[in-house]
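Below is one structure, written out as structure tokens; comments come after it.
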Amino acid sequence: MKVYIFREVLNELISYFLLGDLHTLKNYKDLNQLPDNLAKSFTTTDIGDNVVAEGIVIPLANIVNYPYTIIFNLSDDTPILLHKENDLQVRQCSYILKIESGKVYLYSWRALENFTNDTIEAIRNKPSIELENGWYKVEILGGQTKQPSLENSNICYMEPTLEFIFTRIPKQQECTADIYHSYELHSDEY
């Protein structure tokens, strides 16, 4: 399977999602002797910008408090948000991401407030997929996708959606994405 879909994903009432390999972030934290409160380090120093530029974490700011459909797309097919029945609102290319533990996760900002081994264990139930270790270019699409109701599959509605398209690259490239880009999405349902 090359497309993985997670339904009803919440942002834990914080307007941020983060995408990355938890092991890579933990290695960066240990190597740079950073405190457990990475959230404070990321917002009061240049460390936050550095981890994005180095492909450790991809930040998604201005995440409105909706339930989201999350799509991890490894296929060469047309991205789901580009299908005609869906509503593309945001598109951002040229992020980079380093995978060291064979897995990538989408998690909320709260994890950075006390980034310990216990926190990493708790994150393991968040949306994630296995990826071969190495470097990836990541494109992020945001908007709404047509989804069947969880209660009645005959009823469809438009759900806020984030789609991550992963492309394997042979070595680290420069991150040229706008790391401060807003992922605030409009929803017809909420």
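Residues take their numbers from the sequence shown, with the count starting at 1.
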Item checked: Arg110 side-chain N/O to Asn11 backbone N/O, donor-acceptor pair under 3.5 Å -> no

Checklist line | Non-hydrogen atoms of Ile123 and Ala111 that approach each other most closely | finding: CD1-CB, 3.3 Å

Notebook entry, point to check: Is there a path from Leu185 to Ile58 through hydrophobic residues (I, L, V, M, F, W, Y) whose side chains come within less than 4.5 Å of each other?
Noted result: yes

Check: Parallel, tilted or perpendicular for Tyr16 and Trp109, by the 30°/60° rule?
Finding: tilted

Notebook entry, point to check: Between the side chain of Lys98 and the main-chain N/O of Thr24, is any donor-acceptor distance below 3.5 Å?
Noted result: no

Note to self: Would you say the ring centers of Tyr68 and Phe17 fall short of 6.0 Å from each other?
What the structure shows: yes

Check: Does anything in residues 170-183 pair up under salt bridge (Lys or Arg N to Asp or Glu O under 4.0 Å), and if so which pairs, sequence neighbours excluded?
Finding: none

Next item on the list: Might you point out which heavy atoms bring Glu132 and Tyr136 nearest each other, and give the distance in Å?
Entry: O-OH, 2.8 Å

Item checked: Heavy-atom pair with the smallest gap, counting every atom of Ser108 and Glu12 -> OG-OE1, 2.8 Å

Next item on the list: Locate the shortest heavy-atom distance separating Lys103 from Ser128; write the atom from each residue and the value.
Entry: CE-OG, 3.4 Å

Next item on the list: List, by chain and then residue number, the residues other than Leu82 in its hydrophobic cluster (Ile/Leu/Val/Met/Phe/Trp/Tyr, side-chain heavy atoms under 4.5 Å); write none if there are no others.
Entry: Leu81, Leu88, Leu141, Ile165

Note to self: I'd like to know whether Asn86 forms a side chain to side chain contact (heavy atoms under 4.5 Å, CB included) with Lys146, so could you lay out the CA-CA distance, the side-chain angles of the two residues, the decisive distance to 0.1 Å, and finally the verdict.
What the structure shows: CA-CA 6 Å; Asn86 297 324; Lys146 194 173 199 175; 3.9 Å; yes

Notebook entry, point to check: Ile169: which other cluster members, linking ILVMFWY side chains closer than 4.5 Å, directly or transitively?
Noted result: Ile96, Trp135

Notebook entry, point to check: Is there a donor in the side chain of Asp36 and an acceptor in the side chain of Thr116, or the other way round, less than 3.5 Å apart?
Noted result: no

Check: When you measure from the side chain of Asn73 to the backbone N and O of Glu163, does any donor-acceptor pair fall under 3.5 Å?
Finding: no

Check: What distance separates Glu113 CD from Phe115 CZ, expressed to the nearest 0.5 Å?
Finding: 13.0 Å

Check: Under a single-linkage definition using a 4.5 Å side-chain heavy-atom cutoff for Ile, Leu, Val, Met, Phe, Trp and Tyr, are Val64 and Val90 assigned to the same hydrophobic cluster?
Finding: yes

Next item on the list: Mind checking the CG-CD spacing from Leu22 to Glu121? Nearest 0.5 Å is all I need.
Entry: 9.5 Å

Next item on the list: Could you tell me the separation between the CZ atom of Arg7 and the CD1 atom of Ile71, rounded to the nearest 0.5 Å?
Entry: 10.0 Å

Next item on the list: Answer whether the closest heavy-atom distance between the side chains of Leu74 and Leu131 falls below 4.5 Å.
Entry: yes

Notebook entry, point to check: Between Asn133 and Ser101, which heavy-atom pair has the shortest distance, and what is it?
Noted result: OD1-N, 3.3 Å

Checklist line | Phe164/Val104 under side chain to side chain contact (heavy atoms under 4.5 Å, CB included): CA gap, chis, key distance, verdict | finding: CA-CA 11 Å; Phe164 302 94; Val104 63; over 6 Å; no

Item checked: Residue pairs involving residues 76-91 (criterion salt bridge (Lys or Arg N to Asp or Glu O under 4.0 Å); sequence neighbours excluded) -> Arg91-Glu139

Check: So do Val52 and Pro59 actually touch side chain to side chain, heavy atoms under 4.5 Å?
Finding: yes

Note to self: I'd like to check Gln89 versus Gln144 (side-chain heavy atoms, cut-off strictly below 4.5 Å). Are they in contact?
What the structure shows: yes

Note to self: Tell me whether Asp21 contacts the main-chain N or O of His23 through its side chain, where contact means a donor paired with an acceptor under 3.5 Å.
What the structure shows: yes

Item checked: All ring pair (Phe, Tyr, Trp, His ring centres under 6.0 Å) counterparts of Tyr107, not counting sequence neighbours -> none

Check: Tell me, do Leu25 and Leu38 make a side-chain contact under 4.5 Å, heavy atoms counted?
Finding: yes

Notebook entry, point to check: Hey, any chance Val138 and Ile63 share a hydrophobic cluster, counting ILVMFWY side chains that come within less than 4.5 Å of each other, even indirectly?
Noted result: yes

Notebook entry, point to check: Between the main-chain N or O of Thr69 and the side-chain N or O of Gln147, is there a donor-acceptor pair closer than 3.5 Å?
Noted result: no

Check: What side chain to side chain donor-acceptor pair (under 3.5 Å) pairs are there with at least one residue in residues 38-60, not counting sequence neighbours?
Finding: Asp49-Tyr180

Item checked: Which atom of Lys126 lies closest to which atom of Tyr105, heavy atoms considered -> O-CD2, 4.3 Å

Next item on the list: Decide yes or no for Tyr190 and Met158: does some side-chain heavy atom of the first lie under 4.5 Å from some side-chain heavy atom of the second?
Entry: no

Item checked: ILVMFWY network linking Phe166 to Leu162, side-chain heavy atoms under 4.5 angstrom -> yes

Margin query: So does Pro160 get a backbone contact from the side chain of Ser187, meaning a donor-acceptor N/O pair under 3.5 Å?
Written below: no

Notebook entry, point to check: Out of curiosity, Ile140 CD1 to Gln92 CD, how far, rounded to the nearest 0.5 Å?
Noted result: 7.5 Å

Checklist line | Heavy-atom check, side chain of Pro67 versus side chain of Glu189, under 4.5 Å | finding: no

Check: Is there a path from Tyr66 to Tyr157 through hydrophobic residues (I, L, V, M, F, W, Y) whose side chains come within less than 4.5 Å of each other?
Finding: yes

